[in-house]
Colleague: 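This is the structure I have questions about; it appears just below.
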Amino acid sequence: MIIKSFFKVTMVTFIGVVALTTGIMLMSSCGGSGRVKILSEADSLKGLKDFYLDYFPIGVAVSPRSLQGEQGEFIKHHFNSLTAENVMKPQLLQPQEGKWNWEEADKIVGFAQANGMKVRGHNLCWHSQTGEWMFKDSLGNQASKELVLARLKEHITQVVTRYKGKIYAWDVLNEAIDNADPANVGYRQTQWYTICGEEFISKAFQWAHEADPDAILFYNEYNTENPAKREKTYEMLKKMLDQGVPIHGVGLQAHWNIGGPRHVGQLHQQGEGEFVIPGTSEDAIRESIDKFASLGLVVQITELDVSIYTSKTDTINTGFTPEREQKQIDFYKMAFDVFREKKDVITGVTFWNLSDRGSWLDSRTPRRGKHYPLLFDENMKPKKAFWEVVKF
Ligand code: GLA
């Protein structure tokens, strides 16, 4: 009895001290931006997701390894939705025909279930990270349309069926619209498209829907803030919807940067030109959300990060300077102001990676080096931008 109440008192004191310390830390950490924010003790104990319970789930892209130890606790504290960063991509799940690797993907789904989190499935059909075997016949020549579609059906059916009732939303199709020339965007000339034509798109959604009629099915794309690409994406979706294809939502990847919503990584990867985004970043984001919502679709922000570098010609590796930090704070605040305003159509916001300790952007060429794109620093502590996003 005495021991029990001693334990209780000690725990209460401990929690109080943690809250107080965090509160004090908040005050001092925000002081640098010239603004002092004092959060209540209760708020200072909350994770990112808790501030958004009345808005939308807050997700994060993870690897199975990150679910352990300190990082696992961090994920549980701040997020209530998970996306597999890689292990559910076609090549990882089915590297050879009929050879399935479920183990890693199962770990993510198991962790989410054990901790009451949602899972977004990512992704069922993409031109990248997909086994070459999908497009080859037994002689190594290009496979026929019938064979390629049959394989796509088998892949989608197996994957969606396995996680039926456990994965609530799927990125069925990733990046089908070309990005090369803003004046002339059309379908990306992938093997899916050149072998199957548009049919692979409608079929992919139909097969996913047949496998799990309750799953919310997304088309996921980047650079939709570019008006030409947005228009083309819109036209494709409208055409499909008019044909009765079961598409329920659009995923805006949102690999942005402090200069506006441009997709630094992909542009670098493909050696493409820079896009000029007319209007402010805020307008571009707003217009994208409104345009897709006007089709009756829900919108999710699926891969959010905000690099501190604005283009491939931006000064390389300056580090996290106070100027870049302030721009990032302002950008994140603006973006979340818009997301909250659009909460009727936005049904999820997912970050791509956990913290500035490691982002996919850091290993990209030609700009190898740290991009500091997330809300948590290298020690997984909230950055100033975090407090701007949760204080509303
Ligand atoms: C795209 C894909 C993601 C991921 C990122 C970069 O946006 O949709 O799965 O591969 O590129 O890591």
Side-chain angles (χ1 to χ4, degrees), residues 59-66 81-95 101 104-105 108 119-131 155-156 159 167 169-180 185 188 190 192 201 204 208 217-226 229-230 233 247 249-257 261-272 275 285 288 292 299-307 309 312 348-374:
V60 64
V62 297
S63 67
R65 255 193 20 212
S66 67
S81 176
L82 299 182
T83 300
E85 183 179 5
N86 282 304
V87 299
M88 288 186 196
K89 289 174 179 170
Q91 185 166 25
L92 283 288
L93 280 183
Q94 198 185 179
N101 285 337
E104 299 297 293
I108 292 177
V119 184
R120 297 191 83 255
H122 174 82
N123 54 51
L124 297 171
C125 181
W126 193 21
H127 61 276
S128 182
Q129 293 185 269
T130 297
H155 184 83
I156 290 178
V159 176
I167 290 188
W170 274 103
D171 287 332
V172 175
L173 178 59
N174 207 25
E175 304 175 346
I177 300 296
D178 186 36
N179 203 36
V185 284
R188 190 187 278 271
T190 64
W192 292 116
I201 301 175
L217 305 182
F218 282 82
Y219 174 68
N220 194 43
E221 186 56 274
Y222 70 96
N223 252 352
T224 48
E225 298 73 30
N226 172 272
K229 189 163 182 185
R230 176 166 65 228
T233 306
I247 303 176
V250 177
L252 310 183
Q253 291 188 3
H255 291 294
W256 292 332
N257 66 59
R262 275 173 291 179
H263 193 292
V264 178
Q266 292 283 354
L267 290 171
H268 286 173
Q269 184 189 26
Q270 293 156 17
E272 293 165 0
F275 293 157
I285 296 171
S288 243
F292 296 121
V299 174
Q300 295 201 347
I301 307 299
T302 53
E303 305 184 19
L304 178 60
D305 47 22
V306 180
S307 170
Y309 298 110
K312 59 184 169 188
V349 173
T350 289
F351 287 84
W352 207 252
N353 301 130
L354 307 181
S355 74
D356 289 351
R357 187 177 286 185
S359 153
W360 69 289
L361 292 165
D362 299 344
S363 55
R364 307 291 287 209
T365 52
R367 189 195 293 292
R368 267 179 209 288
K370 293 200 71 64
H371 284 246
Y372 305 94
L374 296 159

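Ligands are counted one by one from 1 in listed order, and the atoms in each one are counted from 1 as well.
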Colleague: As a test of understanding, state which of Asn223, Thr224, Val250 forms a side-chain contact (heavy atoms from CB on, under 4.5 Å) with Ser288.
Modeller: Thr224
Colleague: Could you work out, for atom 4 (C) of ligand 1, the closest of Lys89, Gln129, Glu85 by heavy-atom distance?
Modeller: Lys89
Colleague: Any atoms of ligand 1 less than 4.0 Å from a non-hydrogen atom of Trp352? List them with their elements.
Modeller: 3 (C), 4 (C), 9 (O), 12 (O)
Colleague: For Trp360, is at least one N or O under 3.5 Å away from an N or O on ligand 1?
Modeller: no
Colleague: Indicate whether the side chain of Gln253 and that of Asn174 have a donor and an acceptor atom separated by less than 3.5 Å.
Modeller: yes
Colleague: Give the numbers and elements of all ligand 1 atoms closer than 4.0 Å to a heavy atom of His255.
Modeller: 7 (O)
Colleague: Locate the shortest heavy-atom distance separating Asp362 from His371; write the atom from each residue and the value.
Modeller: OD1-N, 2.9 Å
Colleague: Look at the side chain of Tyr219 and the backbone N and O of Thr233, then say whether any donor-acceptor pair between them is shorter than 3.5 Å.
Modeller: no
Colleague: Using distance alone, determine whether Asn174 and ligand 1 share an N or O pair under 3.5 Å.
Modeller: yes
Colleague: Between ligand 1 and Asn123, is the shortest N or O to N or O distance under 3.5 Å?
Modeller: no
Colleague: Spell out, as yes or no, whether a donor-acceptor pair under 3.5 Å connects the side chain of Arg188 to the backbone of Glu175.
Modeller: yes
